[in-house]
Amino acid sequence: MILITGLNGEMGSALVQRLHDLGKQNIIGLDIKPVKESIKPLLSKNYIGDIKDKSLINKIFTENRINEVYHLAAILSTKAESIPFLSHQINVDGFLNLLEEIQNYKSEVKFFFASSIAVYHLDNDKNIKISEDDFCNPSNMYGCNKLYCEKIGSYFSKHSNLMNNLDFRSLRFSGIISANTLPVGGTSDYAPEMIHNAVQNKDYTCYVNPQSCIPFMVMPDAIEAIINLMHSSKKKLKRNVYHIQAFNPTVEKIYNKLKEHFPNFQLSYDVNQRRQSLIDCWPCELNQTAAINDWGWKPKFDFDKAFDEYLIPSILDFYSNKD
Ligand code: SER
């Protein structure tokens, strides 16, 4: 059986649909809120509750024979800064609750962990094209939480005397832009918010400056990356953790692109220093050699294709069907 945590989130909703389309059955969801009606028919079971609740996690693993986990439940970076202790409990203790249950299993569990480029901290030169082992010195709560979980997952999956059934795989995502949903509590949220506003003929006030730059990708590429990584032969994977990106526009570049489609769109700025400081120390460009060589990472959507063929038509469609 497959367990998805954080099912109602942006990535959870898209992933469950894709797994269902691939013919996967026996999908179980866990979320703190009741499952969205649109997803319900795709699940064989769902649990409402807290990832921090050890007895609930124990119940899920006792009542079901789980052999694949997609662990997506998390507090994102901006929100984590305002509730650091709770963020640690959800992002770290919640993760450990899952590993503890897996340890009690005899059979193998393939585990996907959604990590983030928040694990990096670049002091000055944002333009260095970094590899996975560079600059892993996070200066934000979310990044600390994610890096620690990556390390613990890799540690257990390498030490078979401690845990001989964990196959731990992880991707460090950056900003992800979906046509159907908006993220909550992230620092990269400005891009999806700006795009969704422009399509709805609304102006946008951006909380980071025009030159801000981090990597992005669209949701369909993020989901395909998870599926491809999880379906790759273990022998080919030289690492447990990979980072990936599709394009890396500045705020200004996104604005100019939106202006081509929506000439009346107006962007203003009201910079939030904390959010700006997070964006400023995250990388602008990733060296993706490991992901390309080991499991064939190749995004379908570059910057222009993402806007012209996916985001703008799909978001227009999404809001016209909502009316
Ligand atoms: N999108 C995440 C955030 O902004 C970073 O990976 O928190």
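In listed order, ligands and their atoms are each counted from 1. Residue numbers start at 1 and run along the sequence shown.
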**Student:** Below 6.0 angstrom between ring centroids: does that apply to Phe168 and Phe156?
**Tutor:**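 When the ring centroids of Phe168 and Phe156 are compared, they turn out to be at least 6.0 Å apart.
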**Student:** Given the side-chain rings of Phe262 and Tyr255, with only the six-membered ring counted for Trp, is the space between their centroids under 6.0 Å?
**Tutor:**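 Distance test on ring centres: not under 6.0 Å, no.
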**Student:** For ligand 1, would you mind listing the residues that have at least one heavy atom less than 4.0 Å away, ordered by chain and number?
**Tutor:**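 Within 4.0 Å of ligand 1, protein side: Leu76, Ser77, Ser116, Tyr142, Phe173, Ser174, Gly186, Thr187, Ser188.
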**Student:** So, using ring pair (Phe, Tyr, Trp, His ring centres under 6.0 Å) as the criterion, who are the partners of Phe135 when residues are at least two apart?
**Tutor:**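 Once residues adjacent in sequence are excluded, Phe135 has no partner under the ring pair (Phe, Tyr, Trp, His ring centres under 6.0 Å) criterion.
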**Student:** Any pair with a residue in residues 147-159 that passes salt bridge (charged side-chain N to carboxylate O under 4.0 Å, His left out), sequence neighbours left out, goes on the list, sorted by first then second residue, please.
**Tutor:**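 For residues 147-159, and leaving out neighbouring residues, the salt bridge (charged side-chain N to carboxylate O under 4.0 Å, His left out) pairs sorted by first residue read Glu150-Arg172.
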**Student:** Kindly say whether the aromatic ring centers of Tyr204 and His196 come within a distance under 6.0 Å.
**Tutor:**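 Tyr204 vs His196: aromatic centres not under 6.0 Å.
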**Student:** With sequence neighbours excluded, tell me which residues meet disulfide bond (SG atoms under 2.5 Å apart) with Cys149.
**Tutor:**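 For Cys149 there are no disulfide bond (SG atoms under 2.5 Å apart) partners, ignoring immediate neighbours.
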